[in-house]
Protein chains: 2
Amino acid sequence: MSHTDAPAATPRRDQIRREAARLFAARGFLGVGVDEIGKAVGITGPGLYRHFPGKDAMLADLLVGISERLVDEGRRRAQGADAAAALDALVRGHIDFALDDQDLITLHDRELLHLKDEDRRRVRRLQRSYVELWVDVVRRAFPEPSGLAGEPGARAAVHAVFGLLNSTPHSAAARGAQPVLDRDSMAALLHRLALGAFSAAAGTAGHDR
Amino acid sequence: MSHTDAPAATPRRDQIRREAARLFAARGFLGVGVDEIGKAVGITGPGLYRHFPGKDAMLADLLVGISERLVDEGRRRAQGADAAAALDALVRGHIDFALDDQDLITLHDRELLHLKDEDRRRVRRLQRSYVELWVDVVRRAFPEPSGLAGEPGARAAVHAVFGLLNSTPHSAAARGAQPVLDRDSMAALLHRLALGAFSAAAGTAGHDR
DNA sequence: CAATGGAGTTAATTAACGTTAACTTACAGG
DNA sequence: CCTGTAAGTTAACGTTAATTAACTCCATTG
């Protein structure tokens, strides 16, 4: 009741969410004016204030939303005794997000700094939970005599693999008419890249150089 | 002569470059004012105009600079007949950039959209050259019956590995007092993750699912 | 010693943007 | 039919930010 109140999902509000996400991803939060967002949904700028208390609130809504969905879906997939299977499920789930919600994935780690302190703390907490989820699974999947059994190493590897999986928007940025990979091929490729990265990092720590 | 003229490296200008990069990385290009940049180097905002023609020009200078350095250093490292050795050298070189110039790596793929068309085209060209460099080496390092022999697959994999290597700023964002990895451990970890990713993606295309 | 130009300063200009106010319209319910 | 409310509109307000103008201050140099 004290924090930013619940979202509520009317059709108009959902439309605003979609268009705002698209515009923020394309030109940055500060680079988009409320008039522009309004125009994208067929109303004037100030009309948006019937649906959101302000521009900041739209961004907060988007980032909290995607963060919660990531954690919820992640928790669902991480359970079960078999750590290798859990990791596989986490990777697949994240790939789905990265491919289906490119705009949100882009905003998620780019516009965090434009949130008001309270909202930023909230999103950070959720992001931290999501990372913890992965770190635990990774450490169980690659136990003791491995390069990923330790906290800091596993954490850094997880961050790095997030960077890898979230790279889709950058690949797609070269869109136009090129013969890019179709969704399934891209998903399969990302899956192999991610698991291959973890396996190699887990392998005996000293075969580089 | 028609495009943005040559940089020229006076001490003051270099100082401005450093501080501007730091501030842009921390709060975004549109989120920092010229007065703030001025203050960081000990002068007032308008004083900056003796050294750069405008705020846009500072960003352009930074992005063109890092892009050129990446391509130059990349070309140097990619030469030689042994494709595997060349790939290894490219990875090591990129890791050095990612660890030593975190601010610039952050800006490099985040603030591109705030450049004027002409500068953006120029940076895009350089980035494309850099990707080409990697794609060629990857395809030679993992030839025909491999998942990375084809153009689109190799290109997507390279983008993904860039995302992985450029993840350092995000890891470091959790800075504070945590026992993060020291530079050498981080470099070694990233190296294993990157090469492991490529190897796994190259391996026979159908062992997932 | 005069003059020139680089490096700053403060003040003014201009444009844009988020938000609020006041007013309109359409429709749902008693 | 009347009334209230949700969802818009246009106009106005207050701020902020980039850039330019006009002016000082030195340090060099002819």
Side-chain angles (χ1 to χ4, degrees), chain A residues 4-63 107 111 113-120, chain B residues 4-63 107 111 113-120:
Chain A
T4 313
D5 50 3
T10 145
R12 182 59 114 190
R13 242 187 283 260
D14 284 344
Q15 186 193 14
I16 294 171
R17 272 185 261 260
R18 256 195 318 277
E19 295 303 309
R22 186 177 57 81
L23 289 168
F24 290 160
R27 289 210 274 294
F29 175 67
L30 295 174
V32 180
V34 291
D35 290 350
E36 216 171 339
I37 303 173
K39 195 169 192 179
V41 302
I43 65 179
T44 64
L48 294 169
Y49 286 72
R50 297 286 166 192
H51 304 280
F52 287 94
K55 193 186 163 196
D56 294 351
M58 296 181 208
L59 182 63
D61 181 283
L62 293 174
L63 296 197
L107 300 179
E111 309 287 356
L113 54 125
H114 295 120
L115 289 182
K116 280 174 299 190
D117 289 1
E118 187 189 334
D119 294 320
R120 184 166 53 248
Chain B
T4 314
D5 50 2
T10 144
R12 183 58 114 187
R13 243 186 283 259
D14 283 344
Q15 185 193 14
I16 295 172
R17 271 186 263 259
R18 258 195 316 277
E19 296 302 308
R22 187 177 56 79
L23 289 168
F24 290 160
R27 287 208 277 292
F29 175 68
L30 295 174
V32 324
V34 292
D35 289 351
E36 216 172 340
I37 303 172
K39 196 170 192 178
V41 302
I43 65 179
T44 64
L48 294 169
Y49 286 72
R50 297 288 165 191
H51 305 280
F52 288 93
K55 193 186 161 195
D56 294 351
M58 295 181 209
L59 181 62
D61 181 281
L62 292 174
L63 296 197
L107 300 179
E111 310 287 355
L113 53 124
H114 296 121
L115 290 181
K116 280 173 300 187
D117 289 2
E118 187 189 334
D119 294 319
R120 185 166 54 247

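Below, chains carry the letters A, B, ... as their sequence lines are ordered, and counting in each starts from 1.
- In this view, B:D14 and B:R17 satisfy the salt bridge (Lys or Arg N to Asp or Glu O under 4.0 Å) rule, not counting sequence neighbours.
- When the local axes at the two ends of the helix from C:dC1-D:dG30 to C:dG30-D:dC1 are compared, using 5 base pairs at each end, they differ in direction by 10° after rounding to 10°.
- Contacts between chain A and DNA chain D, taken as any atom within less than 4.0 angstrom of a protein heavy atom, begin and end at D:dA7 to D:dA11.
- The closest side-chain donor-acceptor pair between A:Q15 and A:R18, if any, does not fall under 3.5 angstrom.
- Residue A:V32 is in sugar-phosphate contact alone, with no base atom involved, counting any heavy-atom pair closer than 4.0 Å across all strands shown.
- Each of B:G31 and A:L48 has a nearest nucleotide on DNA chain D; the 5'-most of these lies closest to A:L48.
- Note: B:T44 OG1 to B:K39 NZ = 12.0 Å, rounded to the nearest 0.5 Å.
- Under the side-chain hydrogen bond (donor to acceptor under 3.5 Å, both in side chains) criterion, B:H51 pairs with no residue at all, not counting sequence neighbours.
- B:G54 comes within 4.0 angstrom of sugar-phosphate atoms only, judged by non-hydrogen atoms across all strands, and of no base.
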Give me, pair by pair, the N or O atoms of the protein and of nucleotides 3-8 of chain C that are less than 3.5 Å apart, along with how far apart they are.
| from | atom 1 | to | atom 2 | distance (Å) |
| --- | --- | --- | --- | --- |
| C:dG8 | OP1 | B:R12 | NE | 2.9 |
| C:dG8 | OP1 | B:R12 | NH2 | 2.7 |
| C:dG8 | OP2 | B:H51 | NE2 | 2.6 |
| C:dG8 | N7 | B:R50 | NE | 3.1 |
| C:dG8 | O6 | B:R50 | NH2 | 2.3 |

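- Under a 3.5 Å cut-off, the side chain of A:K55 and the backbone N or O of A:F29 do form a donor-acceptor pair.
- Legend: residues meeting side chain to side chain contact (heavy atoms under 4.5 Å, CB included) with B:E19, ordered by chain and number and at least two apart, are B:R22, B:A40, B:V41.
- In this structure, the separation between CG on A:L48 and CE on A:M58 is 4.5 Å, given to the nearest 0.5 Å.
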